[in-house]
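Just follow the structure's listing: the first ligand is 1, and inside any ligand the first atom is 1.
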Amino acid sequence: MSERTIALVTGANKGIGYEIAAGLGALGWSVGVGARDERRRQAAVERLRANGVDAFGVPLDVTDDASATAAARLVEDHAGRLDVLVNNAAVAGGMPQEPTRVDPATVRAVVETNVIGVVRVTNAMMPLLRRSASPRIVNMSSSVGSLTRQSGAAAERTAGPLAVAYSPSKTFLNAVTLQYARELSGTGILINAGCPGYVATDLNGFRGVRTPAQGAAIAIRLATLPDDGPTGGFFDDAGVVPW
Ligand SMILES: NC(=O)c1ccc[n+]([C@@H]2O[C@H](COP(=O)([O-])OP(=O)(O)OC[C@H]3O[C@@H](n4cnc5c(N)ncnc54)[C@H](OP(=O)(O)O)[C@@H]3O)[C@@H](O)[C@H]2O)c1
């Protein structure tokens, strides 16, 4: 088994996921680049390696059971265990998403990737995580999934655009994170949700104001929590995000 810390980042071929892989790689970790497209995955692995990262490609479509199973087998063959899983892959589902006009298929597709994809990949990786001395799971969420920020007087300022598929998918993901934290309490596996802030990526047509590297910082912090760190929380760079 490798002595390096082994991480897997889903959706690591671009955007925040790529920068999470780069940041974890800069710690000297071995980083699996989870990505569904072979060409984009290979390009990311090569770029990371050129920057000194011990990166390896992991073919992974988070919506596909067989793909998640094969990814777990690949990580097992490569490293024998997994120390850190960052569930970063997500889709916005296309805008606008007004509740009264949305195609139900859009909601279903977004939940399939952003929520069920996390459950699928986490459970596929769980046997490998259980072999780690200090397992960590980071779910990339968003403050637009905060019900507190979607309601009340401040909502116009903090809720973002109407997005009946994307925003509730992150609320759902936060609830799923809590369910895992409850089951895994006492096992040493810490699982938390993180919000990267409003980052310029494909997801929002590059309208965000933060860089992908800035967005990656919270994931790196939650991936490197000490053994007595929090679990079942929701955090951004400023601290706790309200549910
Ligand atoms: N950008 C923001 O302002 C912001 C704010 C709050 C939260 N977030 C969250 O941060 C995370 C990263 O977002 P981002 O802004 O970096 O978005 P992005 O640039 O669009 O990247 C999304 C990544 O997810 C991958 N992906 C999508 N569906 C997938 C699937 N079925 N299987 C495997 N990979 C899949 C994409 O791969 P392809 O290249 O193959 O499509 C891509 O690598 C997401 O969870 C997002 O919700 C972002």
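Between Gly32 and Val58, the closest heavy-atom pair is CA-CG2, 3.9 Å.
Among protein residues, Gly11, Asn13, Lys14, Gly15, Ile16, Arg36, Arg40, Leu60, Asp61, Val62, Thr63, Asn88, Ala89, Ala90, Val91, Thr113, Met140, Ser141, Ser142, Tyr166, Lys170, Pro196, Gly197, Tyr198, Val199, Thr201, Asp202, Leu203, Asn204 come within 4.0 Å of ligand 1, judged on heavy atoms.
The closest donor-acceptor contact from the side chain of Asn192 to the backbone of Gly233 lies under 3.5 Å. A donor-acceptor contact shorter than 3.5 Å links the side chain of Thr148 to the backbone of Trp243.
Screening residues 26-37 for salt bridge (Lys or Arg N to Asp or Glu O under 4.0 Å), with sequence neighbours left out, gives Asp37-Arg40.
Annotation: ring-ring contact (aromatic ring centres under 6.0 Å, His included) contacts of Tyr166 (sequence neighbours excluded): none. Applying the side-chain hydrogen bond (donor to acceptor under 3.5 Å, both in side chains) criterion to Ser169, with sequence neighbours excluded, gives Asn114.
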